[in-house]
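Each chain gets a letter, A, B and so on, in the order the sequences are listed, and its residues count up from 1.
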Amino acid sequence: MAFFLETLIGGLMAGMLYSLVALGFVLIFKASGVFNFAQGAMVLFAALAMARFSEWIPGWLGVANPIIANILAFIIAALIMFVVAWLIERLVLRHLVNQEGATLLMATLGIAYFLEGVGQTIFGSDIYKIDVGMPKDPVLMLESVFEGGILINKEDFYAALIAAALVAALALFFQKTGTGRALRAVADDHQAAQSIGIPLNRIWVIVWCVAGIVALVAGIIWGSKLGVQFSLATVALRALPVVILGGLTSVPGAIVGGLIIGVGEKLSEVYLGPLVGGGIEIWFAYMLALVFLLFRPQGLFGEKIIDRV
Amino acid sequence: MAREIGDIILDLKGVSLSFGGVKALTDISFDVREHEIRAIIGPNGAGKSSMLNVINGVYRPQEGEIVLRGEHFSKMNPYKAACAGIARTFQNIALFKGMSVLDNIMTGRTLKMKANLLQQAFRLGAAEREELAHRAKVEEIIDFLEIQHIRKTPVGRLPYGLQKRVDLGRALAMEPQILLLDEPMAGMNVEEKQDMSRFILDVNDQFGTTIVLIEHDMGVVMDISDRVVVLDYGKKIGDGTPDEVRANPEVISAYLGASH
């Protein structure tokens, strides 16, 4: 029982991190109907900026305190992501208003390659580390209930908390504020949104900025776990099944989808793995996504598309 | 009736629009006076929708200009039009399908919202009060259009006639000075058409909104409009009161045509 719980909690925490990356996809898709293939590249770009600035700042300013250096680096990285968002709107999206979804998808593919290239040109292509002072040591919990207690990784625990807070804040923002409503309106119909005076360009800049911040937080968390390297850009690919599972248009879907996949991966690896020789963790998410595509293509929480004939 | 037709509020001068080699509109001029109901009619493909899209800034005409309250607009766009007090509805309803009726109509208040993003995000006093005030206004519109019973329903699930009404509600939420209606009665049954006519007349009468509407069904239009412009093949062939237009031989031949 204790072992099962430990696996379950481990899965939930890993799932929260998937949710965070998936959220980036959902935000942009909801607000602009664009499937943003560049989300992974944005995670990498933001993490690179964060890693390098936190390394450079102590030298430039002579501040030895790592907390101050990290905060400054975070602010600078966030500002850089805002500039990236603004440039994407200005140079790419603005010229593609009312275009087909496939056209916009191709445009984001281009943005992805561009960001990966430029990011590594500016910030370098080695493996860098981000150290925001996350505790690395595991703790034992519930020792009185179970013999031996449950082992929990503190770093994962804090990361999951941060992710959960961010996800909750964004969900509220979308549902409860006027700007959130305008964002949803733009997602549904560009032309109608413009005709009631929703400034399309500003909405796009806002949503890409938010997605940039989400990418930055995801980049910091994943980066401090795995190190900042090119493979971070592929983290987004692991969030793809989450989006399919939860539905592209649903913020709660991204959360629940992430948790299901996180837990599913861990439990199947531990309990089914020995039967088939292991390695389930790698393909489990994609299998689940495939099953969903066959039987419930709109995902768990997505809006069902009904076309009037 | 209390309303009084005022001065010219919208003046279109020599508007020509073409798509590649296809001429959609050729040298069209007409004006719209304050508080009037002005109809644009014509057979299919006459350029009615193009005309509306020019006023609203969706299409930019190659020639001609739009004068709105004495101000010249050579480059109109939908956002500018909205800021200038022009609202519109769509022929193929363009509501936000995933959202409820209430939220759809609330989006019409966007331009009236003053609270900034930070105030909204943290639900500060000003943003909260503002949201409530807008909500009250929207409830008034919902009462006016008699759609209280479907306030919380996602619009995608509503029957066609009601969706058209919500579309009108969203435009009304902008408290526009000029309301453009693109075939408000297309695809409706007789009862729905009567309801819609009544709402259009009430909007005009109670709020004093100037209305420009496009219609294909001549009967209804003649009953509710003050003045009518008739288009055929992108050209203006008639302009005047419903009676004058009905007596115009060119209009009669366009509609009834010798060959029909």
Trainee: Are more than 12 heavy atoms, taken from residues, nucleotides or ligands other than A:Arg94, located less than 6.0 Å from that residue's CZ atom?
Mentor: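 Yes, the 6.0 Å shell around CZ holds more than 12 heavy atoms from other groups.
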Trainee: In Å and rounded to the nearest 0.5 Å, what is the CZ to CZ distance from A:Arg181 to B:Arg109?
Mentor: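 Answer rounded to 0.5 Å: 11.0 Å.
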Trainee: On a heavy-atom basis, which atom in B:Arg170 and which in A:Ala192 lie closest, and how many Å separate them?
Mentor: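 Shortest heavy-atom contact: NH2-CB, 3.7 Å.
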Trainee: Counting only heavy atoms not in A:Phe37, do more than 12 fall under 6.0 Å of its CZ?
Mentor: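 Counting neighbours around CZ of A:Phe37, 12 or fewer heavy atoms of other residues, nucleotides or ligands fall under 6.0 Å, so no.
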Trainee: State whether the number of non-hydrogen atoms from other residues, nucleotides or ligands found under 6.0 Å of B:Phe144 atom CZ is greater than 12.
Mentor: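 Check passes, neighbour count above 12.
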Trainee: Is it the side chain or the backbone of A:Ala193 that comes within 4.5 Å of chain B heavy atoms, both, or neither?
Mentor: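 Both parts, backbone and side chain.
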Trainee: Nearest 0.5 Å please: distance from the CZ atom of A:Arg184 over to the OG1 atom of B:Thr107.
Mentor: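 OG1 of B:Thr107 is found 9.5 Å from CZ of A:Arg184.
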Trainee: With a 6.0 Å cut-off (strictly less than), is the heavy-atom count around NZ of B:Lys137, excluding the residue itself, greater than 12?
Mentor: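 For B:Lys137, atom NZ is crowded (more than 12 foreign heavy atoms under 6.0 Å).
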Trainee: Check this for me: A:Ile67, atom CD1, are more than 12 non-hydrogen atoms of other residues, nucleotides or ligands nearer than 6.0 Å?
Mentor: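 12 or below, so no.
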Trainee: Please give me the minimum heavy-atom distance between B:Ala82 and A:Ile196, naming the atom from each residue.
Mentor: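 Looks like CB-C, 4.0 Å.
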Trainee: Counting only heavy atoms not in B:Glu191, do more than 12 fall under 6.0 Å of its CD?
Mentor: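 It does not: B:Glu191 CD has 12 such atoms or fewer within range.
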Trainee: Between B:Leu180, B:Leu111, B:Asn104, which has the largest tally of heavy atom pairs under 4.5 Å with chain A?
Mentor: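 Most heavy-atom pairs within the cutoff with chain A belong to B:Leu111.
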Trainee: Above 12 or not: heavy atoms from other molecules or residues under 6.0 Å from CZ of A:Phe295?
Mentor: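 At most 12 heavy atoms, drawn from other residues, nucleotides or ligands, come within 6.0 Å of this atom.
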Trainee: Less than 4.5 Å to any heavy atom of chain A: does that hold for the side chain of B:Ile86, its backbone, both, or neither?
Mentor: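 Contact with chain A: backbone only.
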Trainee: Output the distance between atom CD (A:Gln194) and atom CG (B:Asn56), rounded to the nearest 0.5 Å.
Mentor: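 One finds 9.0 Å between CD of A:Gln194 and CG of B:Asn56.
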Trainee: Can you name the closest pair of heavy atoms from A:Gly197 and B:Thr110 and give their distance?
Mentor: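 In terms of heavy atoms, the two residues are closest at O-CG2, 4.2 Å.
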Trainee: Of the backbone (N, CA, C, O) and the side chain (C-beta and beyond), which part of B:Phe90 lies under 4.5 Å from a heavy atom of chain A, both, or neither?
Mentor: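 The side chain, not the backbone.
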